[in-house]
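Just so it is clear: chains get the letters A, B, ... in the order the sequence lines come, proteins before strands, and each one is counted from 1.
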Amino acid sequence: MTDHPRPAKTGSPFIIYRFTEMSSERRKPYPFDTIEPKWQQHWASHGSNRTLNPGDLGFDASRPKYFVLDMFPYPSGSGLHVGHPEGYTATDIVTRFKRMNGFNVLHPMGWDAFGLPAEQHAIKTGEHPRFNTQRNIANFRRQLQSLGFAYDWEREINTTDPGYVRWTQWIFLQLYHSYFDDATQRARPIAELEARGLSRDEVDAQRLAFVDEAPVNWSPDLGTVLANEEVEEWREKGHTVERRLLRQWKLRITKYAERLMADLDGLDWPESIKISQRNWIGRSEGARVTFFVEVPPRGSTSNEGKPGSKMGPRIEVFTTRPDTLFGATYMVLAPEHPLVDGIASAGQREAIAAYRAACAAKSDLERTELAKEKTGVDTGALAINPANSERIPIWIADYVLMGYGTGAIMAVPGHDARDWEFATKLGLPIQRVVSEEPPATSGDAPCHLPPLEAFEGNGFAVNSGFLDGLRTPEAKKAITSWLIERGWGHGTINYKLRDWLFSRQRYWGEPFPIIWDESSGHHSAIPATELPLLAPELEDYKPTGDPRGPLAKAKDWIRYSDHARRETNTMPQWAGSCWYYLRFCDPRNEERFVSEEAEKYWMGGGKPGGVDLYVGGTEHAVLHLLYARFWHKVLFDLGHLSTPEPFQRLVNQGLILGENGQKMSKSIGNVVNPDDVVREFGADSLRLFEMFMGPLTDTKPWSTAGVQGVHRFLARVWRLVLEANEAGEWTLVPTLAEVEPAPALRKAEHAAIKKVTGDIEGLAFNTAISAMMVLSNALTAASPRPVGVLRTLLVLLSPFAPHLAEELWAELAARFAGMTGLASEQVWPAYEEQFLIEDEIEIAIQIAGKLRDKIVIKKDLPSEEVQKLALAAPKIAEALAGKVPRKVIVVPNKIVNVVP
RNA sequence: GCCGCCAUGGCGAAAUGGCAGACGCAGCAGACUUAAAAUCUGCUUCUCAGAAAUGGGAGUACCGGUUCGAGUCCGGUUGGCGGCACCA
């Protein structure tokens with residue numbers, strides 16, 4: 001079929017779209033299917049979205065910069081879903097708006113292309129994952145380009161490109177070659193430690209990228225480690241998952257806990273995301289306390305020793321409530337705690353071994369899921385409570401986690417719900433040491449009874465020797481000083497944040513640029529000149545069940561030299577996304593991961609700096625957004641970056657639900673494919689609808705009728721300029737004229753400019769669109785139709801529906817004088833307050849807060865006169881019946897409230 | 001359990017403490033049409049009275065408070081959504 005509407009080559013001063021009567025396809029309300037590809041091509045071939053760097057020919061340094069970033073997608077096989085264009089359209093509108101306001105705008109797009117789905121495809125087909133990834137990227141790019149986004153495609157990046165992998169590995173080496181200096185709280189070159197004469201092992205123990213033996217969820221048949229969240233899912237599918245101690249690479253993010261926490265304050269981020277990050281980092285203030293294990297163990301009689309004298313091993317605990325030390329009636333060690341074997345009494349060893357075995361078999365998830373049932377085993381050892389010298393039993397229980405604090409606790413069942421539960425179940429003593437009420441002067445009975453449940457709040461110390469009577473905060477200070485004096489403890493801060501497990505047993509990821517010396521067992525970095533280090537081609541990508549991962553199969557590749565072999569683990573997918581925003585600033589640089597000049601310009605050099613606007617979903621609240629901040633800070637410390645934070649302003653777009661209000665999913669069958677929407681209604685309609693649905697940050701359901709609604713609006717705008725003649729051609733509307741608009745229309749024009757401008761700045765796109773609808777409705781009624789107002793509408797509309805705006809602008813430019821360039825290149829209009837001012841305004845009159853009447857008065861009339869007129873208004877006079885009101889509130893130009 | 005967010009017509013939603021429901025969807029009526037679609041115009045929170053014009057009352061989950069005035073601010077309750085979850 002050739003009868004799709006298309007531009008006719010005629011001598012006409014403006015373009016004609018012909019469509020035939022015989023077309024079997026229903027006539028489109030406007031020819032979006034012709035004009036959209038046409039303008040996309042035009043923008044591409046004219047470099048309309050090209051963004052220059054400082055130093056480039058034609059770069060205008062006088063313009064301010066603006067960096068608008070989308071969270072780049074993983075190019076999955078199923079293509080774009082309608083959630084992607086939501087954020088992308090929002091940033092596109094801001095980009096176009098800022099450009100029209102004279103900014104140099106950096107608005108790039110790329111691909112977070114390492115990932116498990118491509119690897120699984122490779123396992124299934126034997127084809128290298130690169131090919132499937134390339135196909136998916138091509139599809140994503142096609143889909144994004146069909147939506148007319150103003151990305152600078154010259155800056156497209158792909159995390160799997162050798163030219164990108166090289167710098168990801170280079171950044172890893174920066175971490176590897178650094179340590180964290182506690183004194184200055186900064187990363188420093190590891191060479192400083194070497195210069196101080198530290199041994200090889202001492203240096204390795206301080207690297208920001210280091211090797212650690214860690215218990216992980218290992219699945220032999222999948223041949224990989226799994227995240228805690230994944231364990232359940234794979235078990236259900238019949239795979240085995242076990243806890244296994246494996247040698248893993250980790251990144252020392254914990255050293256940055258304090259800065260990652262503190263620097264959140266200066267960021268313009270949603271409060272909920274900041275809270276998530278704070279919770280994840282989990283800062284808590286408290287104290288370290290040393291307990292001494294009593295030797296000889298329980299049963300022996302002679303024990304005159306005091307804590308502090310040379311006794312058995314010490315157990316360090318962390319507590320946020322040192323003020324409750326007198327109430328510590330037992331201790332608990334994590335089952336994996338290294339001290340357990342040394343202190344356990346002979347009679348308990350068997351029970352301990354059995355308990356430990358049972359715990360080891362549980363995943364972290366199971367361990368927390370079964371949290372309700374507390375279990376544990378007595379070690380048979382006793383510790384001495386330093387506060388009151390009482391002997392208290394030492395237990396092991398899996399409600400104490402090896403990974404937090406010191407892996408040991410002092411149990412205060414009177415004032416901790418978990419300890420209470422454990423003590424109650426196992427019949428351990430419970431002591432009250434905090435009272436809600438100020439202690440009675442006589443210091444009598446009630447305080448001495450154990451409480452009926454754990455009281456975790458603040459109060460007054462009781463049964464606590466020298467602390468008695470002190471409020472909780474004071475008691476904390478007093479006991480901490482007391483511990484410091486005796487060398488039994490000190491105040492400290494603990495974080496929940498763990499070091500970042502950075503290695504994966506996968507093929508499709510960045511190999512570590514690390515080799516191992518076979519004789520010494522030491523690791524070292526390969527020289528930066530050998531980067532990128534790419535994974536070798538494999539015969540097949542199936543897992544081997546070997547915890548070294550699929551790369552272990554490449555025997556030649558592994559062999560680095562006579563005595564050294566390569567690390568075979570790969571980096572997680574996060575690695576590439578940790579720094580992609582930096583690469584966008586200077587994506588083709590082969591000398592540096594980003595040039596200093598480009599980084600300074602786009603990342604803002606001074607003050608807050610960073611990405612000016614970052615839009616994406618909430619799913620990355622703590623992972624990507626925390627990891628990227630961490631890498632950024634390390635690179636900043638090492639002098640490679642000019643700002644301490646990457647993303648100054650963050651906005652989360654809301655989820656788009658299916659038409660039935662449920663989350664879109666294939667199984668429910670409510671997934672909307674953007675390609676279908678573009679085919680039926682056009683890219684401009686899809687863009688406009690996604691912005692019109694509601695506030696950007698809200699969760700909101702899809703509505704096909706709603707798409708039709710905005711589509712109709714765009715068609716109405718089209719018909720403001722063009723109308724179909726009898727031959728079925730679009731011709732210019734005859735009433736279009738260069739005339740002064742009537743005052744009401746002029747006012748509507750300037751009101752729209754004001755509203756749309758403010759709403760784009762506030763990311764309130766839904767109300768911006770409604771303002772344009774109002775202006776368009778006003779224009780529909782105007783005859784003659786003033787071209788000036790139409791031009792304004794098209795310029796305002798251009799960031800939202802760029803194709804339509806461009807086309808109609810060209811139509812008008814061909815017919816009317818003084819219109820040059822593209823709609824998208826126009827200077828953003830300014831509104832003039834004078835056109836918004838009205839001489840007469842209607843004000844409401846209330847009696848006791850209830851609307852009773854309205855009057856039209858001159859604007860800015862003095863309050864006394866407004867009051868006089870208001871009281872004289874028919875309904876008001878009638879209601880008052882001559883009585884004098886007690887009070888009259890006049891809000892100038894708005895409302896009058898009469899209090900009778 | 002803890003933390004956070006939210007609650008407005010039949011639906012998506014608007015409303016610097018100042019006329020609740022802009023704009024859109026759906027619906028109804030009219031115009032155009034042989035007819036339908038499309039398009040244009042008007043109506044459209046609920047309720048009571050009225051033939052109508054119009055007029056009265058109620059109304060932003062619920063209860064209370066602050067205020068001349070509350071969808072908006074404060075306290076509590078209920079319901080929904082999201083995140084964290086034995087972190088000592």
Problem set entry | Syn or anti conformation of G17(B), syn meaning chi within 90° of 0 | anti

Problem set entry | Salt bridge flag under 4.0 Å for residues Lys374(A) and Asp419(A) | no

Filtered N/O pairs between nucleotides 39-45 of chain B and protein, under 3.5 Å:
from   : atom 1 : to        : atom 2 : distance (Å)
U39(B) : O3'    : Arg719(A) : NH2    : 3.1
C40(B) : OP1    : Arg719(A) : NH2    : 3.4

Exercise. On a whole-Å scale, what distance lies between the C1' atoms belonging to A7(B) and U72(B)?
Worked result: 14 Å

Seminar exercise, completed: To the nearest angstrom, the CZ-P distance between Phe800(A) and C23(B) comes to 18 Å

For this session: Rounded to the nearest angstrom, tell me the gap between atom CZ in Phe681(A) and atom P in C25(B).
Result: 12 Å

Problem set entry | Separation between the C1' atoms of U16(B) and C73(B), rounded to whole Å | 14 Å

Problem set entry | Residues touching RNA chain B, which here means a heavy atom under 4.0 Å, drawn from residues 892-899 of chain A | Lys894(A), Ile895(A), Asn897(A), Val899(A)

Exercise. Under a 4.5 Å cut-off applied to non-hydrogen side-chain atoms, are Leu483(A) and Leu325(A) in contact?
Worked result: yes

Exercise. Would you say a side-chain N or O of Ser276(A) is under 4.0 Å from OP1 or OP2 of C3(B)?
Worked result: no

Seminar exercise, completed: Among C25(B), C86(B), C23(B), the one nearest any side-chain atom of Asp398(A) is C86(B)

For this session: Using the criterion of both pairing distances under 3.5 Å for Watson-Crick and G-U wobble pairs, give all stems of 3 or more consecutive pairs involving RNA chain B.
Result: B:1-7 with B:78-84, B:10-12 with B:23-25, B:27-31 with B:39-43, B:45-49 with B:54-58, B:61-65 with B:73-77

Please list, one pair per line, the donor and acceptor atoms closer than 3.5 Å that link side chains of residues 764-776 of chain A to other protein atoms, with sequence neighbours excluded.
from      : atom 1 : to        : atom 2 : distance (Å)
Thr767(A) : OG1    : Asp759(A) : OD2    : 2.8
Thr767(A) : OG1    : Ala764(A) : O      : 3.1
Ser770(A) : OG     : Thr767(A) : O      : 3.0

For this session: Figure out the CG/P separation between Asn279(A) and C3(B), and round it to whole Å.
Result: 10 Å

For this session: Go through residues 846-854 of chain A and report each residue with a non-hydrogen atom lying under 4.0 Å from RNA chain B, sorted by number.
Result: Gln846(A), Lys850(A), Arg852(A), Lys854(A)

Seminar exercise, completed: His711(A) NE2 to A26(B) P, in whole Å, measures 13 Å

Problem set entry | Pairs flagged by salt bridge (Lys or Arg N to Asp or Glu O under 4.0 Å) wherever residues 684-711 of chain A is involved - sequence neighbours left out | Glu86(A)-Lys700(A), Asp92(A)-Arg687(A)

Exercise. In whole Å, what is the span from the OH atom of Tyr404(A) to the C1' atom of A85(B)?
Worked result: 14 Å

Problem set entry | Val774(A) side-chain proximity, nearest of C19(B), G55(B), C23(B) | C23(B)

Exercise. Any salt bridge (Lys or Arg N to Asp or Glu O under 4.0 Å) pairs touching residues 318-329 of chain A, not counting sequence neighbours?
Worked result: Arg321(A)-Asp323(A)

For this session: Taking the side chain as every heavy atom from C-beta outward, state whether Phe692(A) and Phe713(A) have any atom pair closer than 4.5 Å.
Result: no

Problem set entry | G17(B) and A36(B), which share atom name P, separated by this distance in whole Å | 50 Å

Exercise. Listed by chain and number, what are the ring-ring contact (aromatic ring centres under 6.0 Å, His included) partners of His337(A), not counting sequence neighbours?
Worked result: none

Problem set entry | Closest approach of Leu836(A) to His750(A) (non-hydrogen atoms, all atoms of both residues) | CD2-C, 3.6 Å

For this session: Can you tell me, in whole Å, how much space there is between the P of G42(B) and that of A22(B)?
Result: 14 Å

Seminar exercise, completed: Sequence neighbours excluded, the answer for ring-ring contact (aromatic ring centres under 6.0 Å, His included) partners of Phe689(A) is Trp702(A)

Seminar exercise, completed: Taken to the nearest whole Å, NE2/His620(A) to P/G83(B) is 13 Å

Exercise. How far, in whole Å, is A70(B) from C63(B) if one measures between their P atoms?
Worked result: 15 Å

Exercise. Where along nucleotides 8-14 of chain B does protein come under 4.0 Å, by heavy atom, of base (B) or sugar-phosphate alone (S), with - for untouched nucleotides?
Worked result: ----BSS

Seminar exercise, completed: Here the distance between atom P of A88(B) and atom NZ of Lys374(A), to the nearest Å, is 14 Å

Exercise. Is Glu316(A) salt-bridged to Arg314(A), cutoff N-O under 4.0 Å?
Worked result: no

Problem set entry | Same-atom distance (C1') from G1(B) to G59(B), integer angstrom | 38 Å

Seminar exercise, completed: Hits for ring-ring contact (aromatic ring centres under 6.0 Å, His included) against Tyr831(A), two or more places apart or cross-chain, chain-then-number order -> none

For this session: Take atom P in C23(B) and the same atom in A35(B), then report the distance between them in whole Å.
Result: 32 Å

For this session: Take atom P in C11(B) and the same atom in U60(B), then report the distance between them in whole Å.
Result: 16 Å

Seminar exercise, completed: Applied to residues 841-854 of chain A, the salt bridge (Lys or Arg N to Asp or Glu O under 4.0 Å) test, sequence neighbours excluded, yields none

Problem set entry | Whether Tyr30(A) and His711(A) hold their rings parallel, tilted or perpendicular, with breakpoints at 30° and 60° | tilted

